[in-house]
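Structure first, commentary second.
Order of the sequence lines fixes the chain letters, A, B, ..., with proteins taken first and strands second; residue numbering starts at 1 for each chain. Predicted, not measured: the structure shown is a model, and the values here were computed from it.
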Amino acid sequence: MSLPETYEMRSRGVRRWPCFLLMNAIHLSLMFAVQASDGESIFFHDNYQDALQEAKLSGKPIFLEFRCAP
Amino acid sequence: MGSIDIGLFDYDRHNALYYFVLNADEQIYLRYGGRDAESATTYLNLRSLELALSQGLEMHASGNIPKTERPEPLFASQIPKLNERTLKNGACVECHLIADYQNIHRELDGELDRLRDMYRSPDIKTIGIHLDVPAGLRVKSTTGAAQEAGMLAGDLLTHLNGTRIRTFGDLQYYYDLVPREDKHVSIDVRRDDKEIHLKVSLPARWWLTDLTYRHWSVEPMVYFTTEPLSELQKSELGLPLDGFAGRVTDRDRFQINAQPPLKAQDVICAVNGIQIDKIANTPELYIKLRCRAGDSVRLEILRGDTRLESTLGTVRQNFRKY
């Protein structure tokens, strides 16, 4: 699984950060994205309505993230 | 951010990271996140995230999603001080600001319930549940109330008060909804393919956590800590056995707000003339629960054989408020 690179970089540094609201949504299955680890990047929507719309069209679930830091 | 229904995506806003898995109809499958007072990352782990996502995908594929009532919509613009000080200025809506401004308004409206609104996200370790974090809701070890209820290492937590839970985020969210006056919580576990129902006793002050990292504006900051006196110690000092007297163990530099200053080993036996409270077991907890941030309070102190009074100015935090 190639996710640790991005995930751990984020989680490590935020311990004492103020909790900026940054919400990202991706409509696609993260697992799919991770499995395709041959350089394919994960695209995060930064607009919730766009993500909802794409999820409706694709029939895929949404992975919604609230996190500290821009 | 203005278009997001934060009423739907309700969670403890003092989490550094929080995730939802949902479908295009905005039915939430599960949450991933949660923390304790010690660290923002205690319960975050790549393996448990993978487990959570797998469960979300299974739920999505099954199409068998129980219908739940959608919470009352809430948008950031409906929180007046947040709207006035942040949104209207084009500033970033920080998660913790949402929660703090909500509490500021509750306080202004006389509706602040400090046990529910200030002491968010009780720590499951207080009732003796220690999780094997990479394994999601798999129990690593138990102590105290959980052990007494029969919970065992290896159990998989499945329901809390009848609500299906799949992640620590789910567990902490629904545990936070337990009324603070409740004496028990119902937890179902899966053990050897059997579902087992456990009734776990909630000890006194099971909701109590260290609020330091939260920067609540509504929390009176006192900058000292005490250790509760034993009944024997209270008896020897002629103090009520059910009182909240405590011996000062720590003071920090901001403690200059007390005149005369407190000293280590002082016994604080009353606050504003009050010695007994049905909830507080220490003077600082009494102040946090019963006084308004920014108030000055009168402390009655025993210092050796001397009885004296000190006036303490509590502090209202203004962390990252514009």
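- Remark: side-chain polar atoms of His60(B) are not paired, donor with acceptor, to backbone N or O of Ile62(A) under 3.5 angstrom.
- Between Phe20(B) and Phe66(A), the two ring planes are perpendicular [angle over 60°; tilted spans 30° to 60°].
- Scanning all heavy atoms of the two residues, the minimum distance from Pro61(A) to Leu57(B) falls at CG-CD2, 3.8 Å.
- If you measure heavy-atom distances from Tyr18(B) to chain A, the contacts under 4.5 Å come from both the backbone and the side chain.
- Note: Leu64(A) CG to Ile4(B) CD1 = 7.0 Å, rounded to the nearest 0.5 Å.
- Closest approach of Leu52(A) to Asn23(B), counting heavy atoms only: CD2-O, 4.4 Å.
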